[in-house]
Amino acid sequence: MKDCIFCKIVRNEIPSYTVYEDDVVKAFLDISQGTPGHTLVIPKKHIANIFEYDPQLAAEVFSRIPKIARAVKASNPDIKGMNILNNNGQVAYQSVFHSHFHLVPRYTTHDDFSMTFKDNSNKYTAEDLKQIQNSIVDHMGD
Ligand code: AMP
Ligand code: ZN
């Protein structure tokens with residue numbers, strides 16, 4: 001896509017600190033470096049978000065992530081773990097609308113990355129959960 005910043009990175013029209021690429025994906029340092037080694041993995045094909053993957057592209061992209069994650073982890077002995085994140089839609093904090101996966105190395109539980117979600121389990125009855133379950137299952141063929 002012409003004006004997409006990540007497509008421009010794929011085409012090497014703007015520079016990136018690329019750590020891996022092949023015919024399907026490109027992996028490069030996230031300019032924000034949330035923690036040192038913060039890396040993005042993107043499909044070379046422009047798709048906006050997770051909802052646009054077909055099974056083949058999903059398999060091809062996901063199958064490359066562990067190898068890249070292992071290399072990032074091995075790059076620094078202080079990396080103890082890693083969060084892998086994929087934001088979809090502005091409401092979910094997506095700011096670049098070319099699908100990408102964040103590999104965020106973790107050094108300590110109080111490094112520069114945090115992620116929390118509320119535990120709302122006490123607000124849901126079994127009936128509520130059953131309804132949500134059924135609604136999702138009903139759409140699984142879509
Ligand atoms: P998200 O908010 O999930 O859409 O993530 C987009 C990420 O792209 C942000 O973490 C940015 O720091 C990163 N980013 C934006 N422009 C560039 C660029 N030119 N090179 C590397 N990373 C970038
Ligand atoms: Zn793009």
Side-chain angles (χ1 to χ4, degrees), residues 1-125 128-142:
M1 188 178 270
K2 192 168 171 293
D3 291 329
C4 168
I5 187 164
F6 285 177
C7 284
K8 288 180 181 173
I9 287 176
V10 168
R11 295 192 298 263
N12 295 315
E13 289 171 13
I14 60 173
S16 67
Y17 296 90
T18 293
V19 297
Y20 177 79
E21 79 177 295
D22 59 22
D23 51 330
V24 178
V25 301
K26 188 159 176 130
F28 52 95
L29 298 185
D30 188 305
I31 205 70
S32 72
Q33 288 296 282
T35 65
H38 181 179
T39 296
L40 298 175
V41 181
I42 69 170
K44 286 191 165 175
K45 175 185 158 83
H46 178 94
I47 53 168
N49 55 45
I50 196 72
F51 309 115
E52 295 188 357
Y53 280 81
D54 61 40
Q56 188 189 339
L57 184 62
E60 288 178 346
V61 172
F62 284 116
S63 67
R64 283 153 169 88
I65 289 179
K67 169 192 168 95
I68 300 166
R70 281 192 293 269
V72 172
K73 184 168 186 299
S75 71
N76 185 331
D78 294 334
I79 296 174
K80 306 296 184 213
M82 184 177 291
N83 289 96
I84 298 184
L85 301 160
N86 167 234
N87 300 330
N88 297 283
Q90 210 163 13
V91 71
Y93 309 129
Q94 186 176 9
S95 62
V96 175
F97 295 92
H98 178 133
S99 178
H100 52 278
F101 296 86
H102 293 262
L103 276 49
V104 186
R106 299 304 306 277
Y107 294 80
T108 69
T109 52
H110 35 272
D111 56 19
D112 288 340
F113 178 82
S114 71
M115 182 173 69
T116 55
F117 39 83
K118 253 169 104 176
D119 179 358
N120 290 317
S121 55
N122 61 347
K123 297 185 187 146
Y124 287 81
T125 64
D128 294 331
L129 294 174
K130 195 83 203 156
Q131 267 180 25
I132 294 169
Q133 175 192 22
N134 288 340
S135 176
I136 295 171
V137 170
D138 285 349
H139 290 90
M140 208 42 83
D142 296 357

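Note that the coordinates shown come from a computational prediction; the quantities given were computed from them, not determined experimentally. Note that ligands are numbered from 1 as they come in the structure, with each ligand's atoms numbered from 1 the same way. Count residues from 1 along the sequence.
- Considering only non-hydrogen protein atoms, atom 18 (C) of ligand 1 sits nearest to Ile9 CD1, 3.9 Å.
- Using a 4.0 Å cut-off between heavy atoms, Phe28 contacts ligand 1 through its side chain alone, with no backbone atom that close.
- Only backbone heavy atoms of Leu29 (N, CA, C or O) come within less than 4.0 Å of ligand 1; its side chain stays farther off.
- Nearest non-hydrogen protein atom to atom 7 (C) of ligand 1 is Asp30 OD2, 3.4 Å.
- The side-chain heavy atoms of Asp23 and Lys44, taken from C-beta on, include no pair separated by under 4.5 Å.
- Considering backbone and side-chain N/O atoms, Gln94 never comes within less than 3.5 Å of an N/O atom of ligand 1.
- Using a non-hydrogen distance threshold of 4.0 Å, Asn86 does not register as a contact of ligand 1.
- Nearest protein neighbour of atom 1 (P) of ligand 1, counting heavy atoms only, is His100 NE2, 3.1 Å.
- Of all atoms in ligand 1, numbered sequentially from 1 with element shown, those under 4.0 Å from a heavy atom of Ser32 are 10 (O), 12 (O).
- In this structure, Lys2 NZ and Arg11 CZ are separated by 8.5 Å, a value rounded to the nearest 0.5 Å.
- For His38, no nitrogen or oxygen atom sits less than 3.5 Å from a nitrogen or oxygen atom of ligand 1, counting backbone and side chain alike.
- Lys45 NZ: 12 or fewer foreign heavy atoms inside a 6.0 Å radius.
- For atom 4 (O) of ligand 1, the nearest protein heavy atom (residue, atom name, distance) is Ser95 N, 2.6 Å.
- A 6.0 Å sphere centred on CD of Gln90 holds no more than 12 heavy atoms belonging to other residues, nucleotides or ligands.
- For atom 8 (O) of ligand 1, the nearest protein heavy atom (residue, atom name, distance) is Phe6 CZ, 3.5 Å.
- By the 3.5 Å distance cut-off applied to N or O atoms, Ile5 is not counted among the residues near ligand 1.
- Under the 3.5 Å distance criterion, with hydrogens and angles disregarded, a donor-acceptor pair is assigned to the side chains of Tyr53 and Ser99.
- When each atom of ligand 1 is checked for a heavy atom of His102 under 4.0 Å away, the hits are 1 (P), 3 (O), 5 (O), 7 (C), 10 (O).
- Residues Lys8 and Glu13 are not paired through a salt bridge, judged by the lack of any N-O separation under 4.0 Å between the basic side chain and the carboxylate.
- What you find for Ala92 and Asn88 is that their closest heavy atoms are CB-O, 3.3 Å.
- Counting only heavy atoms of the protein, atom 23 (C) of ligand 1 lies nearest to Ile31 CG2, 3.6 Å.
- Ring centers of His100 and His102: under 6.0 Å apart, within the cut-off.
- Annotation: angle subtended at the Zn ion (ligand 2) by Cys7 SG and His46 ND1 is 110°, to 10°.
- Among the heteroatoms counted here (N, O or S) of His98, ND1 is the one nearest to the Zn ion (ligand 2).
- Tested against Phe101 for a side-chain contact (heavy atoms from CB on, under 4.5 Å), the candidates Asn87, Ile42, Val61, Ile68 yield a single pass: Val61.
- Interatomic distance, SG of Cys4 versus NE2 of His98, reported as 5.5 Å (0.5 Å rounding).
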